Protein chains: 2
Amino acid sequence: MATASRALAGYSDVAVGTRERVRQLAREMGYAPNMAGRMLVSGRTGFVGLVLPVRGPDFVDSFLGDFVTGLGEGLVAEGCDLFIAAASKDQTELEVLQHLVRAGRADGFVLTRIADGDPRVRFLIDQRVPFTTHGRMAAEESFSWLDTDGAGAFATAFRLLHDLGHRRFGIISIAEQMGFRRDREAGLRGAIAAADDPAVILTETHAPRFDTAAHRHAIRELLSRPDRPTALIALFDELGLIAMQEANALGLSVPQDLSVIGFDNVPAAGFAMPGLTTFDQATRDSARQIAAMLTAQIRSPAEAPATTLRQAVLIERASHGPAP
Amino acid sequence: MATASRALAGYSDVAVGTRERVRQLAREMGYAPNMAGRMLVSGRTGFVGLVLPVRGPDFVDSFLGDFVTGLGEGLVAEGCDLFIAAASKDQTELEVLQHLVRAGRADGFVLTRIADGDPRVRFLIDQRVPFTTHGRMAAEESFSWLDTDGAGAFATAFRLLHDLGHRRFGIISIAEQMGFRRDREAGLRGAIAAADDPAVILTETHAPRFDTAAHRHAIRELLSRPDRPTALIALFDELGLIAMQEANALGLSVPQDLSVIGFDNVPAAGFAMPGLTTFDQATRDSARQIAAMLTAQIRSPAEAPATTLRQAVLIERASHGPAP
DNA sequence: CGAGCAATCTGAAACGTTTTGGATTGGTAA
DNA sequence: TTACCAATCCAAAACGTTTCAGATTGCTCG
């Protein structure tokens, strides 16, 4: 038994002939090592866990499909599998995570949509469980994360529009203190400051993230002002698409009367009329990289946690143009 | 040890006082039974497996996110977790599945996007592993599936358009023999036959599923004919959205010159201008139900496999209207 | 010729549960 | 007094692997 185990694992202290004989037989018999037995003795599960964010009943997430696909692809290359847990009604994501860690169900975790001071990060650091997050936190000790440079993207968006003559800007944002919000807004403000143009005005709307009606209302109000912005930057595509619809409803045409730029490059951005100019963050590829970062960490826990900042790429479609 | 195990499991042959004492202590210590140990002895993993369909590098799947979310929600209610495996470059989905079954990594599987004669179904039936599919197969022995009534939906679409005076129809379809294609096309043909109207003409295009350029070409060709259809029914929303773009490029306005109806109700359908009339199949809720069907099967393998046919609901937006 | 070594193999322990088949205790009926 | 029973509790086996610490063999060297 021991020899067979070592033969399959490729150890060097088993003769070549024996190894081949064992492997051949294993193939013939369709043998695959039982997961549970292996887990028990090795302490490794071969799983990486992802706790699904809890969400409203009809919130559609174009992000998750790509992300899961990328993770799966990245992990299979490392011989891991992905394991997904949802939080039930009366559980927070933190509670689910705690249970999973205690039950030893995964070797490491992927965290998405983290907010500043996210308790999940604290918990995993304390437990010394490997993890990698998608997104950063403000002023926190070091851990492994991958993020898209939202600040850079929004700065780019501002410069693009400013060069086209726009001076009155609006940002459609959310009320929640998410890391990506802070990042992108800071990028925009930094770029405005750097332009050093006293004519530039920035108006903001901040409706609750998943409250579409509130966003519509805020946008409509914004676009109805006499000094309405000529350029709108949306925190993410859905808000930009809503803005285009509201502009349309108010008789404004995009991009002649109003320029709109989004972020994410969801499929709908390409199908909208006009196509929404936005930034692509290559979610699937990011997820693949997160998988690699996490498995590296699982393999050698001593190493300093790696971090990655990726550039989003501008997708120029037809929703922006010269200031009216 | 034995008593503690039985106390936590709620067996009756442990005194009430003891049980409470054990449970209290377990809570205090943050004890959660180790998965591997439990798996090994019980033979149950507590996992349900989903093998990700292999896909082209930039194919975006609005379906997967919803589906995974629904599965997760449904499974957590049953005390299961979801486990996702991707196929690597040189593996088929069948091979991945075989490996997972042999390694005993899951108690049951969910299969999506099954084609007629799908070998995965055959394999799982032979191995007597519980599974539930999303979608049906033609003429196959009984197994557990959930499907949306595409035939009914396409019949509804035809009647809707026929009542609006349309006579020249086009269906934008794919080349692959998928179950949903057969189903929806049959529904359309059945409805045409039932209408018994000699004036009705149906033209078809069948480009490879993921070849967007080919679809565009076929649609453009179809819409350039002198006797072009006045109503287009797309096998799924992406094709409908592409059709609207092509119509626009040819100077046809939707819905005045051309009506378009899709299927799936992807987010982009709502953001398109005009909004795409389509059918919603409540993917997330379907996935929840699949989770319930599968766990029921895992619990009592002897029962006859359950099947569910769900009705898609028509979402009337602005892409259809009276025949020109 | 014995010691030492390399190459190869193997028995047994260990991992953390659940389950099985008693063991123990105290009480009750014959 | 003995036998039996119900209510509890517990020791040990079992699950399928990996790893540790030898064991065995055949060879080389002094």
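Just so you know, these numbers come straight off a predicted model, no measurement behind them. Convention: sequence-line order gives letters A, B, ...; per-chain numbering from 1.
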| query | For DNA chain C, which residues in residues 14-31 of chain B have a heavy atom at a distance below 4.0 Å? | reply | B:Tyr31
| said: Test of understanding: with side chain to side chain contact (heavy atoms under 4.5 Å, CB included), list the residues that count as partners of A:Pro208, not counting sequence neighbours. | reply: A:Glu176, A:Asp211, A:Ala214
Quick test: give all pairs of protein nitrogen or oxygen and nucleotides 10-13 of chain C nitrogen or oxygen below 3.5 Å, distance rounded to 0.1 Å.
none

| message | What I want to find out is whether B:Asp118 reaches B:Arg122 closely enough, with some N-O distance under 4.0 Å, to be called a salt bridge. | response | no
| Which residues pass the side chain to side chain contact (heavy atoms under 4.5 Å, CB included) test with B:Gln24, sequence neighbours left out? | B:Arg27, B:Glu28
| field | Partners meeting side chain to side chain contact (heavy atoms under 4.5 Å, CB included) with B:Ser5 (sequence neighbours left out) | value | none
| Between A:Asp183 and A:Arg136, is the closest basic N to carboxylate O distance under 4.0 Å? | yes
| query | ring-ring contact (aromatic ring centres under 6.0 Å, His included) between A:Phe63 and A:His134: does it pass, once the steps are laid out? | reply | CA-CA 12 Å; A:Phe63 166 84; A:His134 185 244; 5.4 Å; yes
| Can you find a side chain N or O atom of A:Tyr11 that sits less than 4.0 Å from OP1 or OP2 on C:dC9? | no
| query | For C:dT18, does either OP1 or OP2 sit under 4.0 Å from a side-chain N or O belonging to B:Ser5? | reply | yes
| query | Looking at five pairs on each end of the helix from C:dC1-D:dG30 to C:dA30-D:dT1, what is the angle between the two axes, given to 10 degrees? | reply | 70°
| Residues A:Arg310, A:Asp285: salt bridge by 4.0 Å N-O rule | yes
| message | Strictly by side-chain hydrogen bond (donor to acceptor under 3.5 Å, both in side chains), give each pair with a member in residues 12-23 of chain A just once, sequence neighbours left out. | response | A:Arg6-A:Asp13
| task | Please name all residues satisfying side-chain hydrogen bond (donor to acceptor under 3.5 Å, both in side chains) with B:Asp280, sequence neighbours left out, ordered by chain then number. | result | B:Asn265
| request: Could you pull out all residues at least two apart from A:Phe131 that satisfy ring pair (Phe, Tyr, Trp, His ring centres under 6.0 Å)? | output: A:Phe143
| How many Å lie between CZ on B:Arg44 and P on C:dT19, as a whole number? | 11 Å
| task | With a 4.0 angstrom cut-off to heavy atoms of chain A, pull out the first and last contacting nucleotide of DNA chain D, in 5'-to-3' order. | result | D:dG16 to D:dT19
| message | Test of understanding: with side-chain hydrogen bond (donor to acceptor under 3.5 Å, both in side chains), list the residues that count as partners of A:Asn34, not counting sequence neighbours. | response | none
| Which residues satisfy the ring pair (Phe, Tyr, Trp, His ring centres under 6.0 Å) test with A:Phe109, sequence neighbours excluded? | none
| B:Arg284 and B:Asp66 ion-paired at < 4.0 Å | no
